[in-house]
Amino acid sequence: MNKFMRILIFFDLPVKTKSQRREATRFRNFLLNDGYHMLQYSVYARICNGTDAVEKHKARVKRALPDNGAIRMMVITEKQFEAIDILLGNFSEADQPFQNEQLTIF
């Protein structure tokens with residue numbers, strides 16, 4: 001039986017020059033096109049069905065790495081991901097309400 005797992009990607013990429021911004025956008029678009037969703041700015045997550053899928057997607061991220069910047073990858077179980085506490089401050093009328101993306105499996 002495969003176990004659902006999450007890959008979390010944390011990154012800080014330089015964006016001072018036009019080419020750096022282009023490279024950062026290219027990496028972010030790669031993550032979005034590869035099934036990741038943004039948890040918060042510069043933190044993306046993707047669900048995988050088992051360790052084989054995790055290894056496949058880890059290799060894909062490594063091939064898409066930008067030339068410069070700091071990128072970290074962490075793999076956690078779905079149970080650990082569900083235990084994350086989301087701490088939010090008070091919203092003003094101008095703030096957008098928080099929306100959580102959930103996966104539903106039938």
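The residues of the chain are indexed from 1 along the displayed sequence.
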Atom CE in M38, atom CG in L32: separation rounded to 0.5 Å? 8.5 Å
To the nearest 0.5 Å, what is the distance between NE2 on H57 and CE on M73? 11.0 Å
side-chain hydrogen bond (donor to acceptor under 3.5 Å, both in side chains) pairs, two or more places apart, involving residues 63-77: T77-Q80
If I take atom CZ from residue R26 and atom CG from residue L31, how far apart are they, to the nearest 0.5 angstrom? 9.5 Å
List for me each residue that meets ring pair (Phe, Tyr, Trp, His ring centres under 6.0 Å) alongside Y36, sequence neighbours excluded, and say none if there are none. none
Residues in side chain to side chain contact (heavy atoms under 4.5 Å, CB included) contact with I71, at least two apart in sequence or another chain: I9, F11, L13, F27, L65, P66
So, for A53 and C48, which heavy atoms are closest and what is the spacing to 0.1 Å? CB-CB, 3.9 Å
Residues at least two apart in sequence or cross-chain that pass salt bridge (charged side-chain N to carboxylate O under 4.0 Å, His left out) with D34, listed by chain then number, are R60
Identify the heavy atoms of H37 and R6 that sit nearest to each other, and give their distance. CE1-NH1, 3.4 Å
E82 with K79: basic N within carboxylate O range, under 4.0 Å: no
Among all residues two or more places apart in sequence or in another chain, which pass the side chain to side chain contact (heavy atoms under 4.5 Å, CB included) test with V75? M5, I7, V54, K58
Validation row: L39, L8 side chains within 4.5 angstrom (heavy atoms): yes
For R22, give me all partners under salt bridge (charged side-chain N to carboxylate O under 4.0 Å, His left out), at least two apart in sequence or on another chain. none
